[in-house]
Amino acid sequence: MQKQSKWNIKKKEIVTVFIIVISCFFITEFFALLFPIEFSIWENRITDTLFRLRYRFKGNEPISPYLVSIDVINSDLTHMGISNTTYSIYGELMDILKESSIKTIGVDILFINKSNFDNKLLIDATKKLGNVFYPVILGNIDSVEKTNDFPDMKKKPPSINKFLWYPRIRKEGQPRIINSVYLPFDELVDAAKGLGHIAVEPDWDGISRQYPLFFKYKNGYIPGFSIRMLCDYLSVSPDDIEIDFNKSITLKNAVFPSGLTKDIIIPIDSKGNMYVNFTGPSRDSFLQYSSSQLLSAADPAQFYQYMADSLLIISDKTSFSKDYGPGIFESSYPLNNIHLQVINTILKENFLYLPNLFQKFLMYICLTILLSTLGLLGIKLRGTRFFIITIGFYLLYIIQSIVFFFHFAWIPYILKPSIGYFLALILLFFYNIIILTWEIRLINRERNAQKEKLIQTNKLLSLGTLASSITHEIANPNNVISLDAATLNENYLIIEDFLNNIPEGTLERMDFPHHKLSEKIKEGIDGIRRNSGRIQRIISELRNFSCKMTLYKEETINVCKVITSALFLLSYEIKRIGTVHFTPPARELPFIMGNFQHLEQVIVNLLLNACHSIGEREDKKKGTIFISLEQNSKTESIDVSIKDNGMGMTQDVLDRITEPFFSTKIEKGGTGLGLYITQKIIDKHRGRVRFNSIREEGTEVVLSFPYKKFS
């Protein structure tokens, strides 16, 4: 029973630890749903820290040599004496590039209002080049910032249907749906090779980390400005694009500048966003020229060799454009640089991978098993060692996340698991303290119990020594009394014979009460004999108590024969109080190992107790003793049940029934050693005893003896 109890405690601890860990992760996810902005900001900050850490140790990520940027900056405007609203500068740049061998050109300027400049040069250069792409604005007109640059935005824009793409959708998702599209002025749209949106929505902290590759418009899709230029650069047609939302976008048969043809698989989320793998600060990234370098060069052709077969982006990076915002590497980042970052990520196939739901779930499972194991281990390790080991494993998890980000471009999933981990760590720490406190109390309780048991053992040893001494001192006088009683009886018989031979009437004339005296003397002699016998029985039981149980040779025993023998010995006593019902089993039961006489003594003691209990019934009616014998295959034991319908016992008596010298029949000559000795014999046979009793209804005693040979 003790082993079973320990297992139950251990099982309870395992379940409790698992519940604590799983609950902490669920609580973290629940709070993430309640405060999505705060969690999103901190998750992004952790990722940004890894970007900066990677740049510090590794420098820039691989950069394609075919990406070139021409920027209009503040010093260019000052040098040429123009303002940022004078759009003719872009026409001049485009005119210079007509002789270059640039493969694809993107002009990241919103030419929605054509009244601000002479646009003929820009339109002619766009037509001449034949590979120029322009951006469009998406959204409802009320959501677009209205400035003086776009006074005619309320006009109905030209049809964009011819610019819509219809890629193959392998799995639907939740792409952003737009209702309005605002194009450049009509002549420029006709001259452009294609259009793409520049709607990049920043995260909660203002930094743009993800790029929407496609927006849904009516029954088609509007590609992003970056992907539109890149598909032209890699000779990928819309029919060669497959979209599997929440998984990937596949650009089939992409032709790289080296001549290699292969499929490009871009990982995306359910909205079609790609996570941009930023190479580093803007100052250390791509090949960049200022517009003044080309416009003021005596021979612009000197720049053509650096732009051959390249993808070129022209953008306004003046402070007047206000196209700046917070970045990962710098507080003021040119937002139009994101197109170069997106194109470079795809060209170099240096993608970042976000963990999907299955991977997050698997990560939680691993952390749950790890934390639960550590929590159970912490019950043994305790305090400081438990805390150090769990912190050590957490640091290993962080190091693993950093390594995976550095070398495998896996976006780390750190914040929510970390909160859940430390919350579980704190609760497990307190749980370990509770377990420790409980175990200390249990140890103290067991120590006190052992102490009480030791005291009781010492008492029993003292009582045994005292009992041995008493039996020795009482036995001799009792033997003398017993012998004297026999001598007195013999002498009285002689006297009585003499008195009987006196002539009749003589004793009556002498007024001698012969008959009355004879009865009194006989009663006295019988009393001496009876009480001497009682003293002898007490001495015998005290001797059994004071002496250790002697070793005996074990043998195979048929329990049925033991019961039959005991019933034969007590047949007279049982007939006096009632009847007994015992039917031997139909089949032969397995034998047990033990001592026949000792087991017989056990059955006899229990049957005598049953008889005495029936004899105490107030109605004085005869009772019944029921005896059953069966084989218990589950516990591999022989079970004996002895049940009577006597007076029964109270719970207080049941609790003390096997204590030595405890008896409810002290005034009737009981010594309180019968059931104590019975318990010792059962223990010697590796058996168990169970008492069930109800006052005034009866008592049942169940004995169980293993029939496997014990070692």
Side-chain angles (χ1 to χ4, degrees), residues 68-72 76-77 80 82-138 144 147-164 181-198 222-226 228-229 231-233 289-297 300-301 303-304 307 310-318 320-321 323 336 339:
V68 183
S69 172
I70 296 179
D71 306 324
V72 178
D76 293 346
L77 301 180
M80 291 181 288
I82 59 176
S83 69
N84 69 309
T85 58
T86 305
Y87 291 152
S88 58
I89 186 174
Y90 300 105
E92 295 176 14
L93 283 173
M94 298 287 288
D95 189 56
I96 292 175
L97 296 175
K98 285 190 301 183
E99 304 300 327
S100 69
S101 58
I102 300 173
K103 191 172 181 181
T104 302
I105 298 175
V107 183
D108 189 16
I109 308 295
L110 295 172
F111 295 106
I112 291 181
N113 184 7
K114 65 178 181 179
S115 62
N116 287 21
F117 63 98
D118 182 7
N119 51 57
K120 186 175 185 306
L121 184 61
L122 178 64
I123 296 172
D124 291 343
T126 301
K127 290 180 179 179
K128 176 68 176 178
L129 286 166
N131 60 355
V132 183
F133 295 84
Y134 290 96
V136 298
I137 299 177
L138 305 179
V144 178
T147 67
N148 293 329
D149 297 327
F150 312 122
D152 56 348
M153 282 184 62
K154 290 188 178 180
K155 286 184 173 182
K156 184 179 179 181
S159 174
I160 195 175
N161 291 337
K162 66 177 181 178
F163 296 105
L164 292 180
V181 182
Y182 301 96
L183 309 177
F185 58 87
D186 298 354
E187 294 85 350
L188 196 59
V189 170
D190 294 335
K193 188 174 183 181
L195 304 174
H197 75 78
I198 54 172
I222 299 177
F225 189 50
S226 306
R228 182 63 189 89
M229 290 186 292
C231 287
D232 178 76
Y233 184 73
Y289 297 100
S290 67
S291 59
S292 62
Q293 285 180 281
L294 272 74
L295 293 174
S296 62
F303 296 100
Y304 294 165
M307 302 179 184
S310 66
L311 190 156
L312 173 69
I313 295 182
I314 301 173
S315 57
D316 180 3
K317 291 186 179 178
T318 62
F320 307 104
S321 68
D323 202 10
N336 41 33
H339 301 300

What I'd like to find out is whether the side chain of [X] reaches to under 4.5 Å of the side chain of [Y], using heavy atoms alone.
{"X": "Val136", "Y": "Pro184", "value": "yes"}
{"X": "Leu110", "Y": "Pro135", "value": "yes"}
{"X": "Ile137", "Y": "Val181", "value": "no"}

Measure the [atom1]-[atom2] distance between [X] and [Y] for me, rounded to the nearest 0.5 Å.
{"X": "Ile70", "Y": "Leu295", "atom1": "CD1", "atom2": "CG", "result": "9.0 Å"}
{"X": "Lys193", "Y": "Ile105", "atom1": "NZ", "atom2": "CD1", "result": "11.0 Å"}
{"X": "Leu183", "Y": "Phe163", "atom1": "CG", "atom2": "CZ", "result": "7.0 Å"}
{"X": "Ile123", "Y": "Met94", "atom1": "CD1", "atom2": "CE", "result": "11.0 Å"}
{"X": "Leu311", "Y": "His339", "atom1": "CG", "atom2": "NE2", "result": "11.5 Å"}
{"X": "Lys103", "Y": "Met229", "atom1": "NZ", "atom2": "CE", "result": "14.0 Å"}

Q) Is there a side-chain contact (heavy atoms from CB on, under 4.5 Å) between Glu92 and Leu294 once you walk through the steps? A) CA-CA 10 Å; Glu92 295 176 14; Leu294 272 74; over 6 Å; no

Q) Would you call Asp124 and Lys120 a salt bridge, using N to O less than 4.0 angstrom? A) yes

Q | Pairing of Lys317 and Asp108 as salt bridge, 4.0 angstrom limit | A | no

Q) Side chain of Asn336, backbone of Asp323: donor and acceptor closer than 3.5 Å? A) no

**Q.** Distance-only side-chain donor-acceptor flag, Tyr233 / Ser310, under 3.5 Å
**A.** no

Q. Are Asp71 and Ser290 linked by a side-chain donor-acceptor pair shorter than 3.5 Å?
A. no

Q: Taking atom NZ of Lys98 as the centre, report whether more than 12 heavy atoms of other residues, nucleotides or ligands fall under 6.0 Å from it.
A: yes

(Q) For a ring pair (Phe, Tyr, Trp, His ring centres under 6.0 Å) check, start with the C-alpha distance between Phe133 and Phe225, then their side-chain angles and the critical distance, and finish with the verdict. (A) CA-CA 8 Å; Phe133 295 84; Phe225 189 50; 7.6 Å; no

Nearest non-hydrogen partners of [X] and [Y], listed with the distance:
{"X": "Ala191", "Y": "Lys127", "result": "CB-CG, 3.5 Å"}
{"X": "Ile89", "Y": "Ser291", "result": "CD1-OG, 3.8 Å"}
{"X": "Gly91", "Y": "Ala125", "result": "O-CB, 4.5 Å"}

Q.
As a quick check of understanding, evaluate side-chain contact (heavy atoms from CB on, under 4.5 Å) for Tyr134 and Thr126, giving each step before the final call.
A. CA-CA 10 Å; Tyr134 290 96; Thr126 301; 2.7 Å; yes

(Q) Please evaluate residues Ile314 and Ile109 with respect to the criterion side-chain contact (heavy atoms from CB on, under 4.5 Å), reporting the C-alpha separation (whole Å), side-chain torsions for both, the decisive distance (0.1 Å), and the verdict. (A) CA-CA 8 Å; Ile314 301 173; Ile109 308 295; 5.5 Å; no

Q: Begin with the C-alpha distance, continue with both residues' side-chain angles, and end with the deciding distance and a verdict on side-chain contact (heavy atoms from CB on, under 4.5 Å) for Phe303 and Ile96.
A: CA-CA 11 Å; Phe303 296 100; Ile96 292 175; over 6 Å; no

Q: Starting from the C-alpha separation in whole Å, work towards a yes-or-no answer on side-chain hydrogen bond (donor to acceptor under 3.5 Å, both in side chains) for Thr104 and Asp232.
A: CA-CA 7 Å; Thr104 302; Asp232 178 76; 2.9 Å; yes

Q: Report the C-alpha separation of Phe111 and Phe185 in whole Å, then their side-chain angles, then the decisive distance to 0.1 Å, and conclude whether the ring pair (Phe, Tyr, Trp, His ring centres under 6.0 Å) test is met.
A: CA-CA 7 Å; Phe111 295 106; Phe185 58 87; 7.0 Å; no

